[in-house]
Amino acid sequence: MIRVIENIIKKSKNKFEYIDLGGGMGIDYGLNSKKLNYKKYSSSIESLLKKYKVKFIFEPGRSIIGDTACLITKVIYVKSSTKKNFIILDSAMNDFMRPALYGSSHRIIPTVKNNKILKKIHDFVGPICETTDRFLTLKKYQQLKENDTLAICDVGAYGIVLASNYNLRPKPAEVLINNSSLKIISKRENINKII
Ligand SMILES: Cc1ncc(COP(=O)(O)O)c(C=O)c1O
C-alpha cells in the first residue's frame, strides 16, 4: 500500500498536504486470522515521512475497540443429529450481524469449561429461521446443554451499532466492565418498546 501511495505522490503534479491511510488494521480474531505487523507498518510510514512533508491521517476502528467486548449468549437448545449438533443460542443475527452480513468468524468460548470434548460438527446458530442466522461452525466442542452460557468474542466493533430489531427482537443490554465494577450503559430492550 505504501508503495502505491509513493507512486501516486511521485506521479502527481499536486503537492499533498495530507494523506489519509484509513483504517483496516483489524485485530487478531484468534481463528488463524492474519494480524497486521505494526512494526513494519510504522517503519514504512516513517520512511515516507522522511521523504515528503505530508501529514498522515489514520482512521482506526476495530483495532481500538474490536477486542474490548463480547456477546454473552445462552444455549436455548442442542439439536442433535448423527452428523452434527446445532447449538441454538438466544442471540441471533439481529444482535450481532457481522457473520451473517459478510461471513466473519468470531471465537465462541464457554463461560464455564468442562473436559467432555465432543468430536462432532457444531453449528452455532441463532433462533431466527434464516440461513444466515449462523455464527460459527466448529469440528469439535465441549459438551453443551440448555442454559449454558457462551461468549462470542471480539464484538466491540460493528457489534451493537449494527444490531437491529429484525424479527421483532429486542436488543440486548450493554454492560460496561471496569475492573470489578459493572455498569449497565444501555438497558435490555423490552418488546413493548418496539411494537
Ligand atoms: C471511512 C472509514 N475509515 C475507517 C474505517 C475503520 O475501518 P476498520 O474498523 O477496519 O479499522 C471505516 C469503517 O467502516 C470507514 O468507513
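Computation of the quantities below employed the complete heavy-atom set of this structure, encompassing side-chain atoms and omitting hydrogens, waters and symmetry-equivalent molecules. Atoms within each ligand, like the ligands themselves, are counted from 1 in listed order.
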Distance to 0.1 Å, residue and atom name: give those for the protein heavy atom nearest to [atom].
atom                    : value
atom 7 (O) of ligand 1  : Y158 OH, 3.4 Å
atom 5 (C) of ligand 1  : E59 O, 3.7 Å
atom 11 (O) of ligand 1 : G24 N, 2.8 Å

Give a yes or no on this: more than 12 heavy atoms of other residues, nucleotides or ligands lie within 6.0 Å of atom [atom1] of [X].
X    : atom1 : value
I117 : CD1   : yes
F56  : CZ    : yes
K84  : NZ    : yes

G61, any N or O under 3.5 Å of ligand 1 N or O: yes
If you look at every heavy atom in I128 and R169, which pair is closest and at what distance? CD1-CD, 3.5 Å
Aromatic contact, Y141 with F124 (centres under 6.0 Å): yes
Do H106 and Y29 have ring centres separated by under 6.0 Å? yes
May I ask you to list the atoms of ligand 1 that are less than 4.0 angstrom from any heavy atom of R62? 8 (P), 9 (O), 10 (O), 11 (O)
When you measure from the heavy atoms of A157 to every atom of ligand 1, does any distance fall below 4.0 Å? no
Nearest protein heavy atom under 4.0 Å from atom 16 (O) of ligand 1, yes or no: no
